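Encoded as structure tokens, the structure appears first; notes follow it.
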Protein chains: 2
Amino acid sequence: MERNEETPSTRERLLREAEILFARKGYHAVSVREITDAAGCNLASVNYHFGNKESLYIEVFRSLWMERAAVIRKRFEEKAGSGGMESMESVVRGLAEAFLEGPLTDEERLLHAQLVIREMIQPTKAFQVVFTMAMKPFLENIATRLRPFLAPGMSDEELILNIFSVFSMVLYFNFARTAVSRLTDKPYDPDFIRTLISHIVRFSLHGLGPEKPGDPGP
Amino acid sequence: MERNEETPSTRERLLREAEILFARKGYHAVSVREITDAAGCNLASVNYHFGNKESLYIEVFRSLWMERAAVIRKRFEEKAGSGGMESMESVVRGLAEAFLEGPLTDEERLLHAQLVIREMIQPTKAFQVVFTMAMKPFLENIATRLRPFLAPGMSDEELILNIFSVFSMVLYFNFARTAVSRLTDKPYDPDFIRTLISHIVRFSLHGLGPEKPGDPGP
DNA sequence: GTCTATAGCAGGATAGAC
DNA sequence: GTCTATCCTGCTATAGAC
């Protein structure tokens, strides 16, 4: 299954290039020819290795996407701490850092977010894989970590919505780069990403923050 | 330009059906034949009225999408209040309600969000229209309204990031319905939408909320 | 396992009748 | 303005040589 990094098999090259192209342009906008050209192999290779285009797409999620999800999750667990060392802030910060910094390159994070966002807008067969094998267990993991720090009366549903809200920011700042960059006039460099992480942490913990003195909050 | 609602022109029928199909499936997944069939007219009509498929896509944004954006913005202004009646909460609630309830139907809101999300993941020529004519002025409008209630030292950049964060939730709860519904086990009915709005308002104002007694926050 | 060649079809676009 | 008929490109998928 595994191979030398210097000589990836045709199958692996196809998967890698397919992931990049599917993320960038979406399933229908990418042709098999485009993928095989990028991978430097023959048009027929997709059918030989994966059967057809759709199976290749699903395989991208099953192997590459899931692998990245595992990397992100591992990073989150390192950052969030384990057992007694945690705090609400460390969990949220861990989440933001895992998705916006972490061991993946900037391009890989974008690619990862683009793929999952497309599936969330318009689920395909790949969604089932993403949902049951990554989203659901990850959400439950976070829920268990956060639960001890939250108001005792909070329902499971409220907890889930809270996590979704943190997650929505993490996703948004990953995929809406064009809009964010244009309006803040900042490129997505490590400096700005640190700013974004701090912002997500602060906003998640305190929201818009206390109102101005003279307009006391509730 | 305007026509009787009972007898929309071919051009209008094309625009309407095109919007629905582009939102649901994305530009490349929709064929011109599919659009003309849905509109009940001839294949050649797209070229006659719009020149080509891409121009039709951009025209969907320029007329229909912008019109809905104006409806949402108007609703926001009604809800957020004007002048002295505002509060931070009324602005955020107005924003959430304008996008999640408001005069549009449930289907229209989904369609609207799907279209803009696709442009944010992967901007096309339509992005320029959306950005300069809807996103930018709307963001500036919200910024002006929120500014008086926020900490005096807050920079413009922080303010923008705060608004993005509220906006990310509003967008997410609109387009990620499959995931949200599966994990909360709730359908997107008016009841659940009210719950979502309350959640967005609460989270935006206070974040995850005060930690449990015994774990005092910073 | 990788290639060439090609079948077979769906796509966007257009010409020209009405 | 709307239609039919058609062009031609580009696609997925497969057959079969090597």
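Labels below follow one simple rule: chain letters A, B, ... track the order of the sequence lines, proteins then strands, and each chain is numbered from 1. On a predicted model such as this, the values are computed, not experimentally measured, just so you know.
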**Prompt:** So which pairs with a foot in residues 123-144 of chain A pass side chain to side chain donor-acceptor pair (under 3.5 Å), sequence neighbours left out?
**Reply:**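 Those involving residues 123-144 of chain A are A:E77-A:N141, A:E119-A:T124, A:Q128-B:R182, A:K136-A:E140, A:N141-A:R145.
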
**Covered region of DNA chain D, 5' end to 3' end, by chain B [heavy atoms, under 4.0 Å]** =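 Here the contact window of chain B covers D:dG1 to D:dT4.
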
Non-neighbouring partners of [X] that pass side-chain hydrogen bond (donor to acceptor under 3.5 Å, both in side chains), sequence neighbours left out:
{"X": "A:N162", "answer": "B:R202"}
{"X": "B:D189", "answer": "none"}
{"X": "A:E54", "answer": "none"}
{"X": "A:T178", "answer": "none"}

Set of residues satisfying salt bridge (Lys or Arg N to Asp or Glu O under 4.0 Å) with respect to [X], sequence neighbours excluded:
{"X": "B:R24", "value": "none"}
{"X": "B:K53", "value": "none"}
{"X": "B:R177", "value": "B:D106"}
{"X": "B:E19", "value": "B:R68"}

**Asked** Which parts of residues 53-62 of chain A get close to DNA chain C, meaning a heavy atom less than 4.0 angstrom away?
**Response**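 Residues of residues 53-62 of chain A that come under 4.0 Å of DNA chain C do not exist, since none gets that close.
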
**Message:** Are there over 12 heavy-atom neighbours, none belonging to B:M133, within less than 6.0 Å of that residue's CE?
**Reply:**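 No.
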
**Asked** Among residues 19-44 of chain B, which residues get a heavy atom nearer than 4.0 Å to DNA chain D?
**Response**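 Going residue by residue through residues 19-44 of chain B, the ones with a heavy atom under 4.0 Å of DNA chain D turn out to be B:C41, B:N42, B:A44.
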
